[in-house]
Enquirer: 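The structure follows.
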Amino acid sequence: MSLEALLLDKLNDRQREAVTHHGTPLLIVAGAGSGKTRVITHRIAWLHLGVGIPIRQILAVTFTNKAAREMRERVCALLGVPDDPALAISTFHSRCAMLLRREAEAAGISPSFAILDERDQKAAVVRAMENAGVSDRTAKPAQVQHFINMAKMRMLTPTDCDEEFADERVPYALLYRHYEELLEKNASLDFEDLIFRAVRLLRDNGEVRERWQRRFRHLLVDEFQDTNAGQFELVKLLAGDDPDVCVVGDEDQSIYSWRGAEVTNLLGFRETFPNAHLVRLEQNYRSVGNVLKAAGSVIARNTMRIGKELWTEQPEGDPIGALVGFDDTEEANLVAMRLAAMIASDGIAPADIAVFYRSHALARVLEDGLRKYRIPYRIVGGTRFYDRAEIKDLICFLRLALMPDNDLAFERVVNVPTRGVGPKALGDILSRGAGERISAFEAATRLAAEGAFKGKARQGMEDFLAAVRRWHAMAAHATVHEVLKAILEDTRYETEGVGDAKSLDGQSRLENIEEFKQAVAEFEKLEDDNRVGTFLETLALDAQRPDEGDRQTVSLMTVHNAKGLEFDHVFVVGLDQGVFPNSRTFDEPAQFEEERRLFYVALTRARRTLTLCRAMRRRREGFYDATVPSQFLSELDASVLTAEARRALCPDDKRRERDPRGFERQGFRAFGSAYGRASAPPPSRPTGGRGALNVGDRVRHRTLGEGVVVESGGRPGSERVRVAFDDGIEQEFVVKFAGLTKMEK
DNA sequence: AAATCCGGTATTTTT
DNA sequence: TACCGGATTT
């Protein structure tokens, strides 16, 4: 078989163009289900086999590790090799970690750095705030963390922030600076650092830059609409002056702007690379006609698009169905009943069905319903395995074994399991460390030698310090499981660290530890470098929950988690105004459009059937609220719905037919805040027990003092107010929980 | 040091 | 309501 036949057969003209174009930068705008993955993998294979480019010169970047693994497998299959270590397919973060590891000296960082995940980072932020003497009443750690991450994505150093954010009520620049200091002291990098450091290195060091530009002559970035400013900068730096860059993206599937992704990277790509060639992939191979029509009719309302029209040669398929429950419990039951019927009567495999929701909170009722009808299901995403306390403990022990001077790890586990080191002893250690500018481990060693620890802490500390020294010696040569075994034995973690082993919690903790051992074994089977450092890096960069395999289950997940997947039969639940679209997006048109894209992503996952679900009243924050159908439902082209669905989802359908504009106007008023405050109805007044609170009212809070109501709103039953306190702090409350006292003016 | 209470909060989340 | 984290009690 010829190469052409192998790589280009069964591709349409656009796809062929995207695979074979080369010589100038290439922008592929790929609609949902347009065979994007196929194009990318074939392009890599083509560059290598067809154009004759050495495989090690091609760098492909994906959004997740899972996507990278899959792409790697497919490319290997096309190339006809079991696996090629020279294949550079990975995420931005892994690639940067690799680059920095190799160039640590030039980048001015420790060659063995720890990578902090989100939770480690939060702990570091809390510490930084303490060090800076900023109370968490001035700013929430999460808020500061977000600021720092956004600053790094935008490639701003603390010094850059000094001026730009000088007027903020929260001293962000100062906190950022303290945070950076802390990380440096602990030889740690956070996720954003990996990108930012690599950018700075390549930007500031010509020799290194040229070396990497030569190394990767051909760049390929998938999910380009989800890249942030720093990542794009990295692409530009690696591309150099004679770029062979290919980016693939879909502006209609940009759903991560809230964490820094900039669609403008995609929309403005041809301004950065003026001679870039654009290929649009608009033929959809995934969905039946009705699904595609439904999705298209909704997304057409967005303004921020390159614009494309997906089409398909597939049959129309079934019209879009609907399920409307009296309340959320009934909604879940209806879904479960329908699933039971599909599985039992229609012979549909559970694995071909997925249920999507806007937020995890909606999963619980659904689970109850599915259990009641004995539908096998699994939740994709959710709380991550490596976030579990006991797992984090073990990771910190390992980190300490690798780098005893890492204070963040030391603090976490110095008293785990409890060995008498309370707040007092820890305080002594930390202040000694700060005073003599040494690590906590070193400070504790000195204090122990001086006999500073009393009572239970004395023996406890001595044992602990000796153990850390022993693990550290081991970590240099021993494998991960050997070190872990020593840790578990020395600390008696499994007997003393998990609490009551007979309790439900203790049970699950022990199970988690077993699973962690399993993960270690898995790692050692795959990698040829079994040392602790490599293991920890892999963990930080690829925190995928150990795969549950392809069990025969219905998949439940948030829409965000569903991106990139496809199922024969898709249910979307919780389609109520305020839930999906989420009410927090109403004030910002840009955010609201992202919400619509999210809905678009949900719809375009379906291959064959789509069922949209809602409830007439829903428990939220503990109380039942009457709901209004999601605005997105009324945006659907009504011709794709079953008659029943039309009646059920759009109670105002008659009016709509008579006077579409009248309906729009009504929608405008009811959900109008999406289009700006002016048209929004006045927020309902709180009707709490002690009289309503209005803007301008003076109130007293038990702990926060006195202030003025500056905003009021929320739904009946859970009215909210925003209060500006006299000391400058602003805080939002749910009125009935807050215990605010109204004061006479 | 563990058990309990209380207040505050309430999207989406990969790397 | 339900969860978490911090404070307070035992």
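Every chain is numbered from 1, with letters handed out A, B, ... down the list of sequences. Note that these values count all heavy atoms, side chains included, but never hydrogens, waters or copies made by symmetry.
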Enquirer: Figure out the CD/C1' separation between A:Q145 and B:dT14, and round it to whole Å.
Expert: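 One finds 14 Å between C1' of B:dT14 and CD of A:Q145, rounded.
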Enquirer: Would you indicate which nucleotide in B:dT15, B:dT12, B:dT13 comes nearest to any side-chain atom of A:Y256?
Expert: B:dT13
Enquirer: Can you work out whether A:V421 or A:A540 has the more 5'-proximal nearest nucleotide on DNA chain B?
Expert: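 That would be A:V421.
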Enquirer: Of the candidate nucleotides B:dT11, B:dA1, C:dT1, which contains the atom at the shortest distance from the side chain of A:N415?
Expert: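 Of the options given, the side chain of A:N415 lies nearest B:dA1.
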Enquirer: Among B:dT11, B:dT12, B:dT15, which nucleotide has an atom closest to any side-chain atom of A:W258?
Expert: B:dT12
Enquirer: Would you say that more than 12 heavy atoms from the other residues, nucleotides or ligands in this model lie under 6.0 Å from the NZ of A:K122, or not?
Expert: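 No, NZ of A:K122 has 12 or fewer neighbouring heavy atoms, counting only those of other groups under 6.0 Å.
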Enquirer: How many whole angstroms separate atom CZ of A:F623 from atom P of C:dA2?
Expert: 11 Å
Enquirer: Report yes if a donor N or O on one partner sits less than 3.5 Å from an acceptor N or O on the other, where the partners are the side chain of A:R358 and the base of B:dT11; otherwise report no.
Expert: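 Side chain to base: pair found, below 3.5 Å.
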Enquirer: For A:E192, what residues pass the side chain to side chain donor-acceptor pair (under 3.5 Å) criterion, not counting sequence neighbours?
Expert: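 Result, side chain to side chain donor-acceptor pair (under 3.5 Å) vs A:E192: none returned.
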Enquirer: Can you name the atoms? Protein N/O to nucleotides 3-10 of chain C N/O, anything below 3.5 Å, with the distance.
Expert:
| from | atom 1 | to | atom 2 | distance (Å) |
| --- | --- | --- | --- | --- |
| C:dC3 | OP1 | A:R364 | NH1 | 3.2 |

Enquirer: Among B:dT12, B:dT15, B:dT11, find the nucleotide with the atom closest to the side chain of A:N582.
Expert: B:dT11
Enquirer: Between B:dT13 atom P and A:Y357 atom OH, what is the distance in whole Å?
Expert: 9 Å
Enquirer: Considering only side-chain heavy atoms of A:R584, which listed nucleotide, B:dA10, C:dT1, B:dT12, is closest?
Expert: B:dA10
Enquirer: Of the options A:R127, A:R412, A:R399, which is the one that meets A:D120 in a salt bridge (Lys or Arg N to Asp or Glu O under 4.0 Å)?
Expert: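 So, applying the salt bridge (Lys or Arg N to Asp or Glu O under 4.0 Å) to A:D120 and each of A:R127, A:R412, A:R399, only A:R399 qualifies.
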Enquirer: Using purine N1 to pyrimidine N3 plus N6-O4 or O6-N4 for Watson-Crick, or N1-O2 and O6-N3 for G-U wobble, each under 3.5 Å, what pairs with B:dT11?
Expert: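 Pair assignment: B:dT11 / none.
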Enquirer: Remember a base hit wins even if backbone is also touched, and classify A:N561 as base, sugar-phosphate or nothing at under 4.0 Å, heavy atoms.
Expert: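 Sugar-phosphate contact only - A:N561 comes under 4.0 Å of backbone atoms but never of a base.
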Enquirer: What distance do A:L603 atom CG and A:F356 atom CZ have between them, rounded to the nearest 0.5 Å?
Expert: 9.5 Å
Enquirer: Please work out if A:F92 contacts a base, only the sugar-phosphate, or nothing of the nucleic acid, heavy-atom cut-off 4.0 Å.
Expert: nothing
Enquirer: Kindly say whether, by distance alone, the side chain of A:R259 makes a donor-acceptor pair under 3.5 Å with the base of B:dT14?
Expert: yes
Enquirer: Can you tell me the distance, in whole Å, between the CG atom of A:L536 and the C1' atom of B:dT15?
Expert: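 Distance, rounded to whole Å: 16 Å.
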Enquirer: B:dT13, B:dT15, C:dT1: which one has an atom nearest the side-chain heavy atoms of A:H93?
Expert: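 Of the candidates, B:dT15 comes closest.
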Enquirer: Between A:Y256 and A:F63, does the ring centre distance come in under 6.0 Å?
Expert: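 Between A:F63 and A:Y256, which both carry aromatic rings, the centre distance is below 6.0 Å.
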Enquirer: Quick one: is the NZ or CZ of A:R620 closer than 6.0 Å to the six-membered ring centre of A:F623, and within 45° of its axis?
Expert: no
Enquirer: Identify, between A:T91 and A:S359, the residue whose nearest nucleotide on DNA chain B lies closer to the 5' end.
Expert: A:S359
